[in-house]
Structure formats: structure tokens, C-alpha cells
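Report on the following structure.
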There are 2 protein chains.
Amino acid sequence: MPHQDPLDAALLDRAFMALADPVRRNIVARLSHGDATVNELAEPFAITKQAVSKHIQVLEQAGLVTRSRDAQRRPVHLDAAALERLTAWIDQYRLQAEGRYRRLDALLESQASERIPKSAPTPRSGEQ
Amino acid sequence: MPHQDPLDAALLDRAFMALADPVRRNIVARLSHGDATVNELAEPFAITKQAVSKHIQVLEQAGLVTRSRDAQRRPVHLDAAALERLTAWIDQYRLQAEGRYRRLDALLESQASERIPKSAPTPRSGEQ
DNA sequence: CTTGTAATCAACTAGTTGGTTGATCAACTA
DNA sequence: TAGTTGATCAACCAACTAGTTGATTACAAG
């Protein structure tokens with residue numbers, strides 16, 4: 001089953017978009033070794049806390065982070081399962097493409113040595 | 001060594017941004033089982049081939065696809081290695097976060113059963 | 001109640017993007 | 001030569017985005 005729910009399409013949009021920003025990737029990196037608050041995340045960057053808050057909203061709506069409540073503090077938590085879903089999506093097509101490449105490679109090799117492949121390993125890569 | 005070249009930052013920007021669009025993800029999906037031309041890729045979508053050409057340029061500048069030359073045709077080819085680089089980036093932080101979670105989980109479990117952990121498995125997850 | 005801190009909301013500016021149409025280029029065909 | 005197909009370039013528009021500043025909510029402490 002190569003496809004998942006189409007409901008995930010919008011979520012994938014937001015997830016990849018969220019990671020397409022160096023500031024947000026830095027936030028992810030920082031969260032990977034511990035929860036943090038908006039202020040803690042804002043310090044290393046030359047942008048205001050409001051901007052960081054927006055970045056976190058983007059990550060949250062992408063399902064990449066969650067937030068809890070601890071008095072005034074709202075620590076941000078990285079959701080490893082969400083990251084795993086992204087790699088799963090990519091790998092689904094990466095492995096497909098790699099498989100094709102290896103089959104073609106094997107075909108060319110067997111042809112170069114003038115040995116006939118057993119049963120035509122679906123070499124439909126040419127666009128005629 | 002958790003980090004790679006900072007040269008990759010702009011490329012990561014473009015790669016994630018490229019995948020943050022459903023049309024481009026569909027193009028990737030289609031390319032995963034075979035090279036294709038602009039016109040072939042444009043057919044299933046309700047957009048012009050000019051738009052598809054732009055999408056492919058985005059994917060190309062992100063290093064996700066390459067193009068060759070075959071008479072007038074310029075078949076687009078999906079680069080599996082580029083996809084692998086993306087999953088490597090994500091996994092780098094996913095595994096870090098998962099490791100933290102599992103250490104905390106193991107700590108709580110050992111405490112619940114009132115058994116003392118052998119040597120305090122670095123439970124620095126609380127933000128006090 | 002008042003002060004202080006953490007975080008968000010609201011409005012605005014400046015810049016970017018996705019898509020369109022129309023023209024152009026490159027290679028094949030007659 | 002003209003005509004066709006595949007693909008790109010150029011200009012433009014509507015929509016969206018990141019960042020700013022200023023006001024506002026929520027909570028804790030004096």
C-alpha cells in the first residue's frame with residue numbers, strides 16, 4: 001500500500017513547509033535534546049519572541065511539536081512520531097526509485113555480459 | 001557529529017520547500033516509478049505545462065531531480081540519494097528525541113516498580 | 001490592586017510565490 | 001520553406017508570508 005490517507009496531504013504540506021526554514025530547523029534541533037519555552041528558543045536568534053512564537057505555531061499546526069501548560073510557561077515538545085511519519089513518506093518513494101535503479105543496473109549488466117535476464121525485470125524506464 | 005556542512009542549509013531550505021507542495025509531491029510520486037517529461041507530468045493536473053515546468057525547476061534547484069537531454073525531450077529523473085539525505089537529516093533529530101523519551105520512560109518505569117536504576121540514565125528531561 | 005513576566009493577538013509593511021497568458025526557442029517532419 | 005510538438009522565458013496578478021511594533025491576556029507575587 002504505497003499511499004496513506006489523503007487527510008495527511010494538508011499535514012504534509014505544513015510539515016515540509018515548517019522544515020523549509022532555517023530558524024524552525026534550528027528550533028527542531030534544539031528541541032531534540034529537551035523541551036524549551038519561547039523565550040529560551042528566542043535567545044539564540046536575532047528575532048523577536050513574537051516571531052519565534054509564530055514559528056512555533058507553524059510547527060504546532062504541522063503536528064511536529066506539542067505544547068503543555070506549566071504555570072505561565074508553555075514548554076514546547078518535539079514529537080518524534082511526526083518526524084518518523086515524514087521519513088516514512090520520503091522512504092516510500094526513495095526505495096521505489098532505488099529499486100528501479102538497481103533493476104535497471106542489473107539489466108544493463110546482464111546485457112553487457114550477453115546473458116539474457118530470466119523474465120524481463122520490468123525495465124520500463126525508457127520513455128520510447 | 002550531529003551537524004553537517006552549513007552549505008547544506010540553503011539546499012535543505014529548497015528541498016523541504018519543494019516537498020511542501022502537493023503538486024510537487026505528486027510529481028515525485030510519479031517519478032518514483034519512472035522518468036517522465038514535462039507534458040507527461042502535466043496531464044494529470046489541472047494546471048498548464050508552464051506551471052509544471054516551474055515546479056520541476058524548483059525540484060531541480062533543490063537537487064531532488066535531474067534532467068537529461070534526449071532530442072527535444074528532457075526527461076526528469078528522481079534522485080534517490082537526495083531523498084536519502086533528507087531522511088538522514090530528520091532521523092538525526094528524531095533518534096535524539098526518541099532516545100530521550102525512552103530514557104525517561106525507562107526511568108519512570110524503574111521508579112514505579114521501586115527498583116533503583118543502576119547508574120541514573122541521564123534523566124535530564126524535566127525543565128523544573 | 002498593582003507590578004512583573006510569559007506569551008499571544010492585531011495591524012501593518014515589504015517581499016515572495018503560484019498561477020495565468022503570450023511570445024520565443026529548439027528539434028523534428030513534410 | 002512552413003508547420004508541429006516539447007519546453008522555456010517574460011510579464012503580470014492575486015494570494016500569501018515573515019517580520020516588525022503596539023496592545024492584550026494569563027498567571028504569580030508583593
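Each chain gets a letter, A, B and so on, in the order the sequences are listed, and its residues count up from 1. Given the structure is predicted, the values throughout are model-derived calculations rather than measurements.
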Measure [atom1]/[X] against [atom2]/[N] and give the value in whole Å, please.
X: A:F16; N: D:dT17; atom1: CZ; atom2: C1'; answer: 20 Å
X: A:I56; N: D:dG19; atom1: CD1; atom2: C1'; answer: 15 Å
X: A:N26; N: D:dA18; atom1: CG; atom2: P; answer: 16 Å
X: A:R14; N: D:dT17; atom1: CZ; atom2: P; answer: 11 Å
X: B:R67; N: D:dG6; atom1: CZ; atom2: P; answer: 14 Å
X: B:I27; N: D:dA7; atom1: CD1; atom2: P; answer: 13 Å
X: B:R73; N: D:dT8; atom1: CZ; atom2: C1'; answer: 17 Å
X: B:K49; N: C:dA23; atom1: NZ; atom2: C1'; answer: 13 Å

Kindly say if [X] contacts the phosphate of [N], meaning a side-chain N or O under 4.0 Å from OP1 or OP2.
X: A:N39; N: C:dA7; result: yes
X: A:Q57; N: C:dC9; result: yes
X: B:S53; N: D:dA7; result: no

With hydrophobic residues grouped by side-chain heavy-atom distances under 4.5 Å, do [X] and [Y] end up in a single group?
X: B:V58; Y: B:I56; value: no
X: B:L64; Y: B:V76; value: yes
X: B:L78; Y: A:L95; value: no
X: B:M17; Y: B:W89; value: no
X: B:L86; Y: B:V28; value: yes

Checklist outcome for this item: Residues at least two apart in sequence or cross-chain that pass side chain to side chain donor-acceptor pair (under 3.5 Å) with A:R25, listed by chain then number, are B:D13
What are the atom names and distances for every N/O pair under 3.5 Å that joins the protein to nucleotides 17-19 of chain C?
| from | atom 1 | to | atom 2 | distance (Å) |
| --- | --- | --- | --- | --- |
| C:dG18 | OP1 | B:R24 | NH1 | 3.2 |
| C:dG18 | OP1 | B:R24 | NH2 | 3.2 |
| C:dG19 | OP2 | B:H55 | NE2 | 2.3 |
| C:dG19 | N7 | B:K54 | NZ | 3.1 |
| C:dG19 | O6 | B:K54 | NZ | 2.6 |

If you round to the nearest 0.5 Å, how far is [atom2] of [Y] from [atom1] of [X]?
X: A:T66; Y: A:R74; atom1: OG1; atom2: CZ; result: 14.0 Å
X: B:L19; Y: A:L12; atom1: CG; atom2: CG; result: 9.5 Å
X: A:S32; Y: B:I90; atom1: OG; atom2: CD1; result: 13.0 Å

Next on the checklist: Please encode protein proximity along nucleotides 23-30 of chain D as a string of B, S and -, counting only heavy-atom distances under 4.0 Å.
Outcome noted: ---SSS--
Checklist entry - Nearest to the side chain of A:T37 - C:dA7, D:dT8, D:dC9? => result C:dA7
Next on the checklist: Return the pairing partner of C:dT29 with a 3.5 Å limit on both distances, Watson-Crick or G-U wobble; otherwise return none.
Outcome noted: D:dA2
Checklist outcome for this item: Scanning all shown strands, the Watson-Crick or wobble mate of C:dT8 with both distances under 3.5 Å is D:dA23
